[in-house]
Amino acid sequence: MIMKKKLLEIRDRALSELDSLKNLDALEKFRIDYLGKKGHITSLMKNLGNIAREERPVFGKLANDLKDEITGILEKVIAEFKGKEEGGDKIDITLPGKRPLRGYLHPVNQVNSEICRILVRMGYTIVKGPNVELDYYNFEALNFPKDHPARDMQDTFYVSQNVVLRTHTSPMQIRVMEKQRPPVSIIAPGKVYRSDSDVSHTPMFHQVEGLLVDKGVTFGDLKGTLTSFVHQMFGSDIKLRFRPSFFPFTEPSAEVDIQCVICRGKGCRTCSFSGWQEILGSGMVDPAVYGFVDYDPEIYSGFAFGLGIERITMLKYGIDDIQLLFRNDMRFLKQF
Amino acid sequence: MKLSLNWLKEYVDINITPQELSHMLTMAGLEVEALEKIGDIHDKIIVAKVLSVKHHPRADRLSLCDVDTGTSTVQVVCGATNVKAGDLVPMALPGAELKGGIHIKESKLRGEFSGGMLMAEDELGLTDNHTGVMILPPEFETGLRLSDAINPLDWSLEINITPNRPDCASVIGIAREVAALTGQKLKLPGVQYREEGVPVSEVARVDVIDADGCPRYAAGMIQNVSIMPSPFWMRYRLYVSGVRSKNNIVDISNYILLETGQPLHTFDYDQLEEHRIVVARAKQGEKFTTLDGQERILNSEHLMICDGKKPVGIAGIMGGLNSEITDSSSNILIESAYFNPVTIRRGAKSAGISSEASYRFERGIDIEGVIFALKRALSLSLELAGGKINKGLIDLYPKKFEPPFIDLRVDKTNSFLGAEIKKGEMVQWLKALSMDVTEKDNNTLNVIPPTYRVDISREIDLVEEIARMHGYDNIPETFPAIRPNDKADLPSLQLHDRSCDILAGAGFSEIITFSFISPESANLLQAGENSPLRQFVKLMNPLTTEQSVMRTSLIPGLFSIVKENISHGEQNLKLFEWGEVFFKDDSKDLPIEKIMLAGVISGNYASKRWYSETRPVDFYDIKGAVEVLLESIGLSNITFERRISVEAYDKNSSCNICHGEIILGTMGKIAKEVLDGYDIKTSALFIFELDIENILKVKSGKIDFKPVGKYPAVFRDISIIVDKNVESKSVQDIIIKTGGSLLEYVDVVSVFEGEKFGPEKKAVSYRISFRSIEGTLDGEQVNCIIERVLDNIKAETGGTLSEG
Ligand SMILES: [Zn+2]
């Protein structure tokens with residue numbers, strides 16, 4: 001059975017060779033080598049005369065089986081190669097994608113959401129109040145007496161003698177404390193109005209008010225809270241400073257400046273070469289305010305702060321013209 | 001307030017740089033908004049002596065001056081007319097650089113040689129004076145550098161004075177703060193002078209009728225003064241402080257106001273009838289012409305300074321034209337008074353005047369500083385205007401001011417600030433601020449603030465002073481323990497966030513527009529006479545008519561932004577706004593505020609792309625957006641009902657968005673006339689408006705989960721030919737009703753109109769899905785249902801199954 005052994009040898013060689021073939025050309029050569037008219041198997045079969053007659057049919061069958069087996073495997077391998085080499089059509093992956101429609105959220109509202117998210121995570125609850133507000137809430141109960149020069153700090157739109165468009169979100173401090181005993185921890189985002197309109201002012205803009213009143217709240221707590229807020233908003237490497245200031249409804253009052261995000265404190269046009277930019281006003285709630293809501297300042301203390309959202313938006317994105325925020329030009333909105 | 005650093009240095013030693021000073025003041029609550037170097041004069045500008053002046057032979061307006069520069073005699077062509085031989089003047093030599101980058105060279109002007117330039121004060125950048133070449137004092141040395149002669153090099157500090165600190169609205173006020181912060185001594189200017197002749201009380205008389213409005217009134221007098229321009233140093237300081245120079249006497253009163261914070265008024269004594277001052281309220285309707293030449297109509301809010309017969313000034317606000325100091329004035333009565341802040345504020349508001357004086361009186365000046373300022377003014381007048389100061393002063397001050405007496409608790413201060421400041425440090429700071437401090441007990445300080453600190457009357461005011469002086473930077477940062485509360489978020493906020501996300505995901509961009517609009521918008525929107533759109537909340541003091549009422553609808557805002565974008569060539573728009581609208585409500589103090597959500601689409605659904613053709617937006621685009629939005633916020637059972645009253649919309653393609661009986665909003669196509677009225681250049685706009693309050697009313701926030709069927713669905717497509725006016729929903733309702741519990745959903749697959757169905761007919765195909773949760777449906781069972789569906793459709797709408 002030498003011939004049979006030879007057949008097995010050819011089979012082993014063919015299978016191992018098939019494994020190493022890299023492309024269709026090589027496969028074609030393989031086909032000719034093994035299955036072609038002068039190929040190994042055909043040549044072997046031509047030598048049929050050399051073997052015993054009675055063994056001839058057995059050998060013929062074995063040889064044909066081998067031929068079929070290799071043909072089968074070869075076809076499969078060729079099919080695989082064809083899949084790899086030609087496959088489906090090669091497509092232009094650089095054509096633009098078939099885009100679903102998308103819209104854009106206004107940058108002021110995106111920043112508003114971000115501010116609220118940070119503060120809500122700290123434990124504050126969001127409240128809302130009216131845009132058209134009583135003088136009492138907007139001024140009087142915030143310790144801006146009638147006929148007091150502090151009222152000049154805010155140019156006010158009047159609806160009637162006692163009704164104004166709120167000039168800040170601070171009235172919400174009173175509205176909340178009036179209804180709720182301490183502890184109070186709220187933020188109040190919303191629109192506010194001032195009757196000035198020039199290159200750097202719009203008659204309407206947005207603020208977020210914050211108020212925390214409880215036993216033992218300190219000025220240090222105010223500093224810690226606002227520092228953490230600024231770091232979360234602008235990055236933990238941004239420097240900030242608390243600067244004494246004046247608001248009728250807080251004492252001590254502090255304005256918070258952050259290192260100019262444009263020049264990183266070196267001084268530039270945007271920060272009028274001071275290296276700092278004012279971003280919020282804050283302070284410890286003035287005892288006079290507690291008088292209006294019947295809280296005892298000997299027991300409770302707290303702090304309040306107000307952020308201008310447009311200002312923070314402009315700093316965050318380096319926008320130099322506030323008017324852009326209200327023009328709602330799609331070329332502008334599409335950048336956010 | 002603008003302030004000269006050199007001036008400040010007269011009252012306190014400053015051993016730090018201007019930058020350090022700015023920072024120190026800023027961190028103590030006196031924010032320095034601008035710091036600017038001023039009076040920097042080029043080295044090639046010198047003191048020159050004019051030797052002769054003659055006319056330029058070829059130019060009428062020019063003259064030729066021979067000047068001595070200290071080293072040589074040079075000819076200069078000059079355009080000013082005030083120069084005469086013997087004058088000392090500033091001269092820019094060749095090589096000098098002027099403001100604005102001008103280089104001085106030897107040149108020929110109209111054929112005559114000019115070896116430099118004689119300079120006016122504004123050309124030197126010193127003041128805004130351009131009346132002629134600056135004439136320098138005769139004692140200056142010819143040839144000296146001008147910068148050495150007048151030494152104008154200075155820094156200007158612009159300080160933001162908060163309303164609680166009127167005591168800092170003066171050079172001495174700032175000097176006091178600097179002294180307290182640096183531990184230096186305050187050096188006040190002297191007020192010694194020689195008094196001569198008749199006591200002022202014998203030649204003038206003051207009657208204060210309204211003692212409430214005028215708690216203190218003092219006056220002094222100087223006779224035989226010479227009215228003339230002030231010397232350069234004073235004009236320069238006034239200029240740096242932003243005050244115009246007039247004449248020496250008026251300048252002195254302004255100078256003392258800036259120096260001490262005490263507003264003064266100077267009267268021409270000879271113009272005062274009966275040589276008398278009466279302080280009383282104005283008569284209603286009385287007319288009075290103020291210094292600025294404006295006639296004012298007075299009312300009882302105004303406190304007036306009158307002479308024996310007539311008003312001569314509005315107290316603390318502005319003087320009158322009739323008693324103004326003129327070049328011929330000789331005897332001057334100087335007023336130094338304390339007026340009630342509220343009286344002045346009301347008077348100033350009512351007269352519409354805001355002056356340097358009213359600014360300070362409104363905020364409160366130092367009632368104990370009245371005499372110092374008056375004496376200072378008299379002595380300076382004597383120095384600059386000559387004359388003789390009458391003996392004594394008039395001082396009507398019936399009720400002496402009692403400063404507050406405040407207890408400051410050391411432990412309370414520290415627990416409030418979250419700091420550990422020693423009692424000794426507190427005492428030290430308070431004393432530095434000129435407070436009178438005594439220790440009441442180990443924990444309590446008894447404090448009397450100085451009279452100029454009108455902002456300090458309570459313990460908390462002292463706590464602030466301690467914090468400010470100790471330095472906010474030195475108070476450690478801590479974190480409050482916020483106690484959690486169990487309140488859920490405001491439902492409208494959740495809805496807001498979700499709606500914005502859904503709409504943005506559907507291709508809508510968010511806009512924010514102003515809450516005020518033009519009242520004309522109600523007409524443009526074709527609002528009926530009694531329409532809520534006309535219930536405007538009006539502003540008393542709008543900036544423009546276009547922004548004079550609060551919006552009653554978001555549509556005008558959307559329109560204006562659509563218009564704006566179309567003007568930039570952006571036609572395909574999908575915009576939305578979430579915001580308040582306002583309706584006047586006479587029964588309440590405040591108007592009704594409602595939150596609305598509105599959107600608009602225009603142009604094409606999307607731009608043409610390589611994979612898709614474009615098409616104009618239509619009613620079903622806005623409807624689909626509303627459907628997806630409402631579905632996403634958890635609202636089902638929404639119906640769309642044709643509108644009865646139609647404002648702004650095209651009545652054939654608009655509808656109400658309803659949930660049961662409640663109308664959630666409106667949507668549809670904007671009427672052509674409205675588009676034309678707004679001059680919006682687009683073929684069609686589609687709008688939706690949703691009332692958020694109503695949505696929250698019907699929104700349960702709960703989703704009713706239904707089990708997902710395991711067994712396969714069976715689909716059937718039926719195509720019904722029906723009259724064109726049969727609305728799709730009526731057929732769908734029949735399918736749903738007849739389909740019963742096995743019906744999963746029904747959808748409209750196609751709508752065809754065409755010849756083939758007849759002119760009044762259309763073919764509508766529905767895909768119906770059946771599914772049972774109990775088992776695989778039998779086709780026969782479904783066929784039975786379909787049979788019944790077709791029967792019912794035929795019976796109720798006349799529609800028949802299309803055989804094609
Ligand atoms: Zn900068």
Side-chain angles (χ1 to χ4, degrees), chain A residues 95 98 101-106 108-109 113 122-123 125-128 130-132 134 147 149-150 152-153 157-160 163 183 185 191 195 197 203-204 212 214 217-221 223-225 227 241-246 251-252 254 272 284 286-287 301 326-331 333, chain B residues 26-29 31 34 162-164 342 345-346 362-363 416-418 460 464 467-468 472 475-480 482-485 487 489-490 493 500 503-504 506-512 514-515 537 539-541 543 547 550 561 564-565 568 570 574 580 582 589-591 593 606 610-611:
Chain A
L95 267 176
K98 299 181 181 176
L101 291 180
R102 71 160 287 202
Y104 303 82
L105 293 179
H106 196 284
V108 165
N109 278 345
S113 300
M122 289 186 189
T125 306
I126 299 175
V127 296
K128 290 285 221 173
N131 288 235
V132 183
L134 292 173
D147 299 316
D152 289 351
M153 292 167 83
F157 283 117
Y158 283 89
V159 168
S160 70
V163 179
S185 55
K191 296 184 168 91
S195 61
S197 183
M204 182 188 93
L212 174 70
D214 202 348
V217 176
T218 69
F219 187 79
D221 290 341
K223 282 187 68 183
T225 299
T227 301
R241 68 179 188 188
F242 291 79
R243 179 160 56 71
S245 188
F246 169 74
E251 184 159 16
S272 11
M284 300 299 286
D286 192 295
S301 57
F326 294 98
R327 223 169 276 148
N328 297 290
D329 187 327
M330 283 308 295
R331 295 168 298 181
L333 295 177
Chain B
T26 296
M27 295 312 282
E31 187 193 0
T162 53
N164 59 326
V342 173
R345 168 133 182 115
R346 288 199 175 162
E362 277 178 22
R363 284 157 178 76
F416 186 79
L417 294 176
I460 190 70
E464 178 179 49
R468 187 170 76 85
Y472 283 7
I475 295 172
E477 284 163 17
T478 49
F479 236 92
I482 296 183
R483 294 195 247 164
N485 73 46
K487 287 199 196 71
D489 280 349
L490 283 178
L493 289 171
C500 290
L503 285 169
F508 284 77
S509 292
E510 186 185 23
I511 63 167
I512 301 177
F514 291 147
S515 301
V537 175
L539 301 184
M540 287 169 75
N541 55 336
L543 291 173
Q547 301 179 348
M550 300 304 280
I561 303 307
E564 164 91 15
N565 278 289
H568 296 138
E570 183 67 67
K574 293 185 181 56
E580 297 85 356
F582 307 82
D589 289 336
L590 292 178
E593 285 187 27
W610 65 270
Y611 50 85

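Letters A, B, ... are given to chains in the order of the sequence lines, protein chains preceding strands, and every chain is numbered from 1. What you are looking at is a predicted structure, and each value in this text was computed from that prediction instead of being measured. We use all heavy atoms of the structure for the numbers below, so side chains are in, but hydrogens, waters and symmetry mates are not.
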Student: Partners of B/Thr26 by side-chain hydrogen bond (donor to acceptor under 3.5 Å, both in side chains), sequence neighbours excluded?
Tutor: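 Here no residue qualifies.
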
Student: Between A/Leu333 and chain B, with a heavy-atom cut-off of 4.5 Å, which part of the residue counts as in contact: side chain, backbone, both or neither?
Tutor: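 For A/Leu333, side-chain heavy atoms alone lie under 4.5 Å from chain B.
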
Student: Using non-hydrogen atoms only, which part of B/Arg363 is less than 4.5 Å away from chain A: side chain, backbone, both, or neither?
Tutor: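 Interface part for B/Arg363: both.
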
Student: Pick from B/Leu543, B/Asn541, B/Leu503: which one has the most heavy-atom pairs with chain A under 4.5 Å?
Tutor: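 Among B/Leu543, B/Asn541, B/Leu503, the one with the most close pairs to chain A is B/Asn541.
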
Student: Can you sort out the partners of A/Arg327 under side-chain hydrogen bond (donor to acceptor under 3.5 Å, both in side chains), two or more places apart, ordered by chain and number?
Tutor: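 None.
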
Student: Side chain, backbone, both or neither: which part of A/Ile126 has an atom under 4.5 Å from a heavy atom of chain B?
Tutor: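 Contact with chain B: backbone and side chain both.
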
Student: If I measure from the heavy atoms of chain B, does A/Lys191 come under 4.5 Å with its side chain, its backbone, both, or neither?
Tutor: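 It is the side chain, since no backbone atom gets that close.
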
Student: Decide side-chain hydrogen bond (donor to acceptor under 3.5 Å, both in side chains) for A/Asn328 and B/Glu564; before the verdict, give the C-alpha distance in whole Å, the side-chain angles of both, and the deciding distance to 0.1 Å.
Tutor: CA-CA 8 Å; A/Asn328 297 290; B/Glu564 164 91 15; over 6 Å; no

Student: For B/Tyr472 and A/Phe219, I'd like to know if the aromatic rings sit close, meaning centre-to-centre distance below 6.0 Å.
Tutor: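 Yes - the distance between ring centres of B/Tyr472 and A/Phe219 falls below the 6.0 Å cut-off.
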
Student: Heavy-atom cut-off 4.5 Å, strictly under: side chain, backbone, both or neither for B/Pro476 against chain A?
Tutor: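 Only the backbone of B/Pro476 comes within 4.5 Å of chain A.
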
Student: Below 4.5 Å from any heavy atom of chain B, which atoms of A/Asn131 appear? Answer side chain, backbone, both or neither.
Tutor: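 For A/Asn131, backbone and side chain are both near chain B.
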
Student: Check each atom of B/Ile511 against the heavy atoms of chain A and say whether the ones under 4.5 Å are side chain, backbone, both or neither.
Tutor: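 Both parts, backbone and side chain.
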
Student: Which atoms of A/Thr225 come close to chain B, meaning under 4.5 Å heavy atom to heavy atom: side chain ones, backbone ones, both, or neither?
Tutor: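 Both parts, backbone and side chain.
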
Student: Check whether A/Val159 gets within reach of chain B through its side chain, its backbone, both or neither, counting any heavy atom under 4.5 Å.
Tutor: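 Its backbone and side chain both get close to chain B.
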
Student: Looking at B/Leu417, B/Val342, B/Thr162, which one has more heavy-atom pairs under 4.5 Å with chain A than the rest?
Tutor: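 The candidate making the most pairs under 4.5 Å is B/Leu417.
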
Student: Would you mind checking which part of A/Ser245 comes under 4.5 Å of any heavy atom in chain B, side chain (CB onward), backbone (N, CA, C, O), both or neither?
Tutor: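 For A/Ser245, backbone and side chain are both near chain B.
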
Student: Looking at A/Asp147 and B/Arg346, is any side-chain nitrogen of the basic one under 4.0 Å from a carboxylate oxygen of the acidic one?
Tutor: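 Judged by the 4.0 Å cut-off on N to carboxylate O distance, B/Arg346 and A/Asp147 do form a salt bridge.
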
Student: Examine whether an atom of B/Asn164 lies under 4.5 Å from a heavy atom of chain A, and if so say whether it belongs to the side chain, the backbone or both; otherwise answer neither.
Tutor: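 Both parts, heavy atoms under 4.5 Å.
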
